[in-house]
Amino acid sequence: MQNKHFYVTTPIYYVNAAPHIGHAYTTILADVLARYHRLLGVPTFFLTGTDEHGQKVQRAAEKEGMTPQQQADQTVGRFQTLWQKLDITNDDFIRTTERRHVRVVQQILQTLFDHGEIYRAEYDGGYCVPCERFYAGRELEAGTCKECGRTLEPIKESNYFFRMSAYQKWLIDYIHEHPRFIQPDSRRNETLGFLLQPLNDLCISRPKTRLSWGIELPFDHNFVTYVWFDALVNYISAIGYLADDAQFQRWWPASYHLIGKDILTTHTVYWPTMLKAMNLPMPETVFAHGWWLVGDSKMSKSSGNVVNPMDMLERYGVDPFRYFLMAEMTLGQDCSFSEEAFIRRYNADLANDLGNLLSRVMKLLTSHCAGKIPAALEKNTGADEQHLRQAVLNAATRMEECLDQMRLDLGLAAVTSSIREANRYLEKRQPWTLAKQTDHGMFDTVMYHASETLRIVSGLLYPVMPAKMRELRQVLGLGAQEPSLDQLKVWGKTVPGTPLGAMLSLFPRIQAGIATPAATVAVPTQVASQAASPAGVTLMEYADFARIQLRTATVLTAEKIEGADKLLCLQVQCGAETRRIVAGIALYYKPEELAGKTIVIVANLKPAKIRGVESQGMLLAASGNNQLRLITVDGTLPSGAVVK
Ligand code: MSP
């Protein structure tokens with residue numbers, strides 16, 4: 001954890017629409033990580049910004065009757081205001097229309113062109129405007145975008161290409177040799193799966209006749225550069241690449257590029273190959289988190305289901321919202337957003353557990369200790385005290401480990417559980433009864449332990465809920481100074497006699513709209529009325545069998561589904577289609593064993609949700625003798641071949 005520096009980035013957001021919870025999440029996550037590292041004393045740089053060029057922005061501006069620059073200027077303000085409201089402590093904010101960025105992009109393009117890394121050729125393919133992605137070769141066969149499923153727009157024109165294909169072998173080796181480079185592992189496997197297919201060169205230009213809103217190629221004024229070739233460079237242009245060498249050397253390579261899983265390929269294939277061509281070191285980790293869903297669909301402007309973070313802030317305040325997003329999502333997996341889930345967690349963790357502990361401590365100390373924290377008498381500490389001390393100190397250690405493993409949700413769960421432990425401790429020790437005894441020794445000891453728990457907890461939660469924890473720490477007489485995380489691993493730092501601040505209700509309970517947990521849905525079993533053979537085997541008509549479409553499919557990637565020990569999620573190629581199949585084979589196959597295998601799938605099964613993941617088919621396997629083996633094809637056949 002004690003790195004020489006910590007440089008964290010968010011994706012730079014498109015300015016074609018207002019920010020939503022998905023954007024807020026990545027930015028809050030980066031902020032929380034940056035704040036933890038600052039508390040650890042690690043020099044930290046946190047970058048965010050906006051991606052202002054490209055077709056998407058140009059079209060949005062046209063629709064609004066504005067110039068793209070006007071559209072960008074207007075929307076950038078909405079991001080900046082939101083970040084301010086969310087208490088985001090970014091060290092810089094880069095806009096890709098800024099001179100400092102444009103200059104660097106053009107210099108990089110010129111150098112790569114001079115070195116023969118960029119060449120001109122005819123382009124014939126498809127384009128997805130919302131994702132700003134080109135499709136050529138095999139990827140084009142489906143006719144739809146693999147990220148969002150929309151129909152591709154055909155494009156045929158002369159363009160410039162970056163020799164990305166030349167780096168395929170190097171990239172595969174690099175990923176294998178650097179297990180932390182792409183995280184979580186499932187995404188690493190996805191990129192490796194993608195790299196099983198030949199890598200095309202990357203088309204990096206657009207003729208101005210089609211798109212004028214972009215950075216002009218320095219060696220051909222009739223073209224602008226592809227928005228991704230422009231956008232990715234922000235991670236280095238903002239920290240002084242080709243402008244301020246000392247600053248650049250200080251921060252590069254980045255510790256974390258935080259991204260959503262939708263932009264994995266651009267960050268784990270395009271960006272590393274660009275960096276390699278520029279002779280620059282790779283970022284330490286590209287971490288792809290999952291999506292915030294509404295029901296079962298991704299929250300996005302085009303789906304029309306966005307939750308406006310401003311509404312949540314106004315209703316519930318900044319810190320509870322930050323806490324909810326961090327505690328609720330397991331990094332790497334998708335997570336459903338609902339106000340009911342927010343209220344449930346708020347009431348449980350914040351109003352009940354933490355709020356309760358604080359109000360008990362405040363009331364007891366005000367009534368029986370003249371509002372001061374008493375000293376614990378060593379002779380009065382027993383097993384219960386020891387148990388509590390251990391739980392709280394474990395939470396501090398756990399939080400540090402979880403930060404390193406990017407499992408903030410688990411770190412926060414450890415903190416909440418130590419708070420619950422403290423409440424249980426109070427219920428056991430009954431300080432309200434002890435207060436009536438003439439000897440105050442035990443009462444003082446109990447209250448010291450409860451106050452000390454609050455001190456440590458307030459520090460551990462500080463990066464997630466800075467304003468609320470600042471208030472809490474002032475109540476505890478800890479002053480306005482930021483906590484140092486080192487002090488949170490040591491018990492006994494609260495100075496006896498410290499006067500408490502004014503009584504505070506940090507997290508008042510939310511009364512309305514508490515939803516009951518979702519009911520279990522019973523899935524009706526289809527019972528077929530079919531004849532049984534004499535041997536007890538159910539016989540079917542040939543016509544019934546003929547309804548089942550079996551096809552060959554090639555496994556592209558496989559990954560574990562977290563929290564489901566037996567399930568793997570496979571991406572398979574079946575003819576022109578890519579499908580997702582969830583299969584209960586994790587006990588018998590490691591994900592990395594599967595890529596490249598030709599298997600047999602039931603291709604006409606209705607999609608079904610398994611553990612929140614939509615499975616678009618079923619694979620065939622045979623089991624017996626505690627073994628399970630996939631049905632594969634004897635010989636070579638293309639994917640999508642009919643099995644009969
Ligand atoms: N401009 C590009 C990124 C360039 S980075 C060099 C882009 N912008 S975006 O505005 O469309 O989205 C950026 C990021 O927002 C996503 O990768 C993701 O981090 C976040 N999210 C957008 N929708 C999301 C959800 N529904 N859930 C979680 N995060 C998602 O892509």
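Counting starts at 1 for both ligands and their atoms, following the listed order. Note that these values count all heavy atoms, side chains included, but never hydrogens, waters or copies made by symmetry. All residue numbers in this chain count up from 1 along the given sequence.
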With a 4.0 Å cut-off on N to O distance, would you call Lys56 and Glu132 a salt bridge?
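Answer for the salt bridge query: no.
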
Could you tell me whether Glu190 and Arg187 make a salt bridge, using a distance below 4.0 angstrom between a side-chain N and a carboxylate O?
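Judged by the 4.0 Å cut-off on N to carboxylate O distance, Glu190 and Arg187 do form a salt bridge.
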
Looking at ligand 1, would [X] count as a contact under a 4.0 Å heavy-atom criterion?
| X | value |
| --- | --- |
| Ala17 | no |
| His289 | yes |
| His20 | yes |

Are a donor atom and an acceptor atom from the side chains of His53 and Tyr14 found within less than 3.5 Å of each other?
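Looking only at side-chain atoms, Tyr14 and His53 do not form any donor-acceptor pair under 3.5 Å.
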
Regarding ligand 1, does Pro11 bring an N or O atom to under 3.5 Å of one of the ligand's N or O atoms?
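Pro11 vs ligand 1: no N/O contact under 3.5 Å.
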
For ligand 1, find out whether one of its N or O atoms is nearer than 3.5 Å to an N or O atom of Met299.
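The answer is yes, given that Met299 and ligand 1 share an N or O pair closer than 3.5 Å.
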
What protein heavy atom sits nearest [atom], and how far away is it?
| atom | answer |
| --- | --- |
| atom 30 (C) of ligand 1 | Gly22 CA, 3.8 Å |
| atom 15 (O) of ligand 1 | His23 CD2, 3.3 Å |
| atom 3 (C) of ligand 1 | Ile12 O, 3.2 Å |
| atom 7 (C) of ligand 1 | Tyr14 CE1, 3.3 Å |

State the atoms of ligand 1, each with its element, that fall below the 4.0 Å cut-off from a heavy-atom position in [X].
| X | result |
| --- | --- |
| Ala231 | 6 (C) |
| Tyr13 | 10 (O), 13 (C), 14 (C), 15 (O) |
| Gly260 | 17 (O), 18 (C), 19 (O) |
| Asp262 | 16 (C), 17 (O) |
| Tyr235 | 5 (S), 6 (C) |
| Gly290 | 28 (C) |
| Asp51 | 1 (N), 2 (C), 4 (C) |

Are Leu408 and Tyr36 packed together at the side-chain level, in the sense that at least one heavy-atom pair is separated by less than 4.5 angstrom?
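Heavy-atom side-chain distance check passes, below 4.5 Å.
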
Student check: side-chain heavy atoms of His37 and Tyr7 closer than 4.5 Å:
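Counting from C-beta outward, His37 and Tyr7 never come under 4.5 Å.
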
Exam field: side chain Ser237 to backbone His101, donor-acceptor pair closer than 3.5 Å:
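A pair under 3.5 Å: no.
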
Main chain of Ala72, side chain of Thr75: is a donor-acceptor contact present, judged purely on distance under 3.5 Å?
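Absent.
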
Tell me the closest heavy-atom pair linking Phe287 and Gly332, and the distance in Å.
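Closest approach of Phe287 to Gly332: CE2-N, 4.2 Å.
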
Would you please indicate if the ring centroids of Phe134 and Tyr123 are separated by under 6.0 Å?
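Here the rings of Tyr123 and Phe134 have centres that are less than 6.0 Å from each other.
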
Tell me the nearest of Tyr25, Trp228, Trp292, Phe79 to atom 28 (C) of ligand 1, using heavy-atom distances.
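Answer by nearest heavy atom: Trp292.
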
Please determine whether ring-ring contact (aromatic ring centres under 6.0 Å, His included) holds for the pair Tyr241 and Trp252, giving the CA-CA distance in whole Å, both sets of side-chain angles, and the decisive distance to 0.1 Å.
CA-CA 9 Å; Tyr241 182 57; Trp252 192 256; 8.7 Å; no

Distance check, rounded to the nearest 0.5 Å: Leu331 atom CG versus Cys402 atom SG?
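Result: 11.0 Å between the selected atoms.
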
